[in-house]
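Notes for the one structure printed next.
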2 protein chains.
Amino acid sequence: MNKRKRDPKATKRALLEAAFEEMHKHGFQGASISQILARTGMTKGALFHHYPGKLALAYAVLDEIVEPMIVEIWLVPLDIREDPIVALQMMLQNSVKRMTNQLGRNALLLGCPLNHFAQEMSPLDEGMRNRCNRIFSRWQSGIAGVLLDGQSQGLVRADVDAENTAMFLIASIEGAINMGKQTQSLARCLEMLQVCGEHLSLYLEGLRKN
Amino acid sequence: MNKRKRDPKATKRALLEAAFEEMHKHGFQGASISQILARTGMTKGALFHHYPGKLALAYAVLDEIVEPMIVEIWLVPLDIREDPIVALQMMLQNSVKRMTNQLGRNALLLGCPLNHFAQEMSPLDEGMRNRCNRIFSRWQSGIAGVLLDGQSQGLVRADVDAENTAMFLIASIEGAINMGKQTQSLARCLEMLQVCGEHLSLYLEGLRKN
DNA sequence: CCCGTTACATACTAAGCGGTATGAACAAGC
DNA sequence: GCTTGTTCATACCGCTTAGTATGTAACGGG
């Protein structure tokens with residue numbers, strides 16, 4: 001009985017996901033409406049009925065796909081009662097698995113979609129920039145919260161600036177993903193992520209009190 | 001007597017620089033030939049006389065502008081006889097000044113052009129990817145060389161893997177620049193670079209032998 | 001001074017882009 | 001069952017794009 005000839009919500013979602021994949025690969029400017037449509041089998045009538053334009057489509061991609069994805073990969077794993085520093089180290093360790101779970105195995109080499117949007121569009125469109133900024137802030141708050149918890153538990157050095165440290169961590173994580181993407185080789189990408197993860201884990205160890 | 005009506009070398013260089021600026025801001029795909037030409041006052045005849053196409057133009061931008069720029073900003077400052085770790089820390093400290101010198105004050109918020117090219121084009125064009133890869137490798141070798149020197153002088157811990165550490169440093173540096181770019185605010189960008197620089201300096205300190 | 005080459009400018013083309021207008025088929029409410 | 005609004009498909013539009021063909025003016029060598 002699922003043979004309804006129309007399912008607008010599913011249609012809209014399919015368009016959104018196709019737009020995400022296309023923009024993840026080609027960037028916002030490089031992504032073409034026609035390709036997005038070809039990917040879904042839909043036509044322009046459908047797309048422009050659900051979304052007023054390409055920019056609005058990208059906004060929806062950020063709001064409804066990228067942000068939940070960031071949360072799932074980087075914030076959910078912090079939700080454990082555990083030594084905060086160990087939690088962050090485990091977050092790093094499991095990040096590759098979580099990324100491939102979210103993106104699919106072949107899309108790992110396309111890098112972080114949030115970073116892609118941010119890098120391409122921050123200087124060009126305010127709406128895009130604000131959205132990326134909001135997601136990064138949420139991410140940073142999540143990590144900073146863990147560090148603050150650690151400080152109140154006496155497990156993290158008191159002189160650590162939680163927000164700044166969280167920002168540095170995110171910057172380094174994104175940098176590592178970028179370096180991996182740049183190789184366009186799964187093996188080398190995984191190796192780079194591994195190496196950077198170890199370095200950051202060591203860095204995190206240095207935040208521990210005594 | 002400099003009023004020669006034609007100066008092909010200067011013309012070619014002007015086109016190259018305009019292409020760099022346009023691509024730095026809009027990316028390769030987003031950069032338009034017409035805009036590049038408008039920036040120089042030249043016309044298509046000139047551009048397609050000197051370069052066979054947009055892609056070749058981008059290759060030339062990478063080879064003749066981006067690579068020397070990376071060398072100037074990140075490798076030249078390593079050429080001092082100094083404690084290697086101090087040299088790297090000074091490299092970080094002076095990087096903002098060197099970047100603004102190379103890019104101009106307003107272009108700091110456009111981020112690292114190498115990273116921009118790499119992120120946008122690595123999955124899309126092999127020639128671009130190879131060039132970016134080569135530049136990154138050169139950068140990495142430069143830093144690794146300093147670390148190796150430090151090890152042979154007994155100033156850097158022997159268990160430090162020079163190449164991996166250099167890679168991690170570059171990833172984190174690029175990540176920091178990306179985070180700064182994302183804000184599109186000079187003040188916040190400078191603050192982020194400062195913060196990440198301090199964190200990395202501290203990390204570098206941890207590489208010192210005893 | 002002349003001549004061949006280099007270095008451009010101008011005008012044009014084909015293709016792809018985002019977006020729109022129109023209309024038809026479906027779905028839901030009465 | 002009829003009607004009304006929703007959900008799409010099709011055809012089209014104006015614009016921009018990278019790239020080309022052609023023509024001309026400047027330059028350099030003899």
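Quick note on labels: first sequence line is chain A, next is B, and so on, each numbered from 1.
- A cation-pi arrangement, defined by a distance under 6.0 Å to the six-membered ring centre and an angle within 45 degrees of its axis, is present between A:Arg131 and A:Tyr59.
- Taking a cutoff of 4.0 Å between a charged side-chain nitrogen and a carboxylate oxygen, A:Lys12 and A:Asp7 do not qualify as a salt bridge.
- Between the side chains of A:Glu205 and A:Gln89, at least one donor-acceptor pair of N or O atoms lies under 3.5 Å.
- The stretch residues 34-52 of chain B comes close to DNA chain D through B:Ser34, B:Lys44, B:Phe48, each having a heavy atom under 4.0 Å from the strand.
- Looking only at side-chain heavy atoms (C-beta outward), B:Cys112 and B:Ile70 come within less than 4.5 Å of each other.
- Contact annotation: B:Thr11 does not reach the phosphate of C:dA7 (side-chain N/O to OP1 or OP2, under 4.0 Å).
- For residues 121-142 of chain A, the set of pairs meeting the ring-ring contact (aromatic ring centres under 6.0 Å, His included) definition, not counting sequence neighbours, comprises A:Trp74-A:Trp139.
- Residue A:Thr165 is tested with A:Ile170, A:Ile143, A:Val160 for a side chain to side chain contact (heavy atoms under 4.5 Å, CB included); the sole match is A:Val160.
- A donor N or O paired with an acceptor N or O is found under 3.5 Å between the base of C:dA7 and the side-chain atoms of B:Arg6.
- Between A:Tyr203 and B:His199, the angle of the ring planes lies from 30° to 60°, which puts this pair in the tilted group.
- Between its two ends, the helix from C:dC1-D:dG30 to C:dC30-D:dG1 turns its axis by 10°, counting five pairs per end and rounding to 10 degrees.
- Per the geometry, CD1 belonging to A:Ile33 stands 19 Å off P belonging to D:dA11, to the nearest Å.
- Of the residues in residues 17-28 of chain A, none has a non-hydrogen atom less than 4.0 angstrom from any atom of DNA chain D.
- Checked by atom type and distance alone, the side chain of A:Ser172 never pairs as donor or acceptor with a backbone atom of A:Leu169 at under 3.5 Å.
- For the atom pair CE of A:Met69 and CG of A:Leu75, the computed distance is 14.0 Å after rounding to the nearest 0.5 Å.
- With values rounded to the nearest 0.5 angstrom, A:Gln29 atom CD is found 7.5 Å from A:Lys54 atom NZ.
- Within 4.0 Å (heavy atoms only), A:Ala10 reaches no atom of the nucleic acid at all.
- Counting only residues at least two apart or on different chains, the salt bridge (charged side-chain N to carboxylate O under 4.0 Å, His left out) pairs with a member in residues 31-42 of chain B are B:Glu21-B:Arg39, B:Glu22-B:Arg39.
- Distance CE/B:Met90 to OG/B:Ser95: 12.0 Å, rounded to 0.5 Å.
- With contacts defined as side-chain heavy-atom distances shorter than 4.5 Å, the pair B:Met91/B:Ile173 qualifies.
- The nearest whole Å value for the distance from the NZ atom in B:Lys54 to the C1' atom in D:dT20 is 17 Å.
- Of the residues in residues 119-131 of chain A, not one places a heavy atom less than 4.0 Å from an atom of DNA chain D.
- Atom P of nucleotide C:dG18 and atom CD of A:Gln29 are separated by 11 Å, given to the nearest angstrom.
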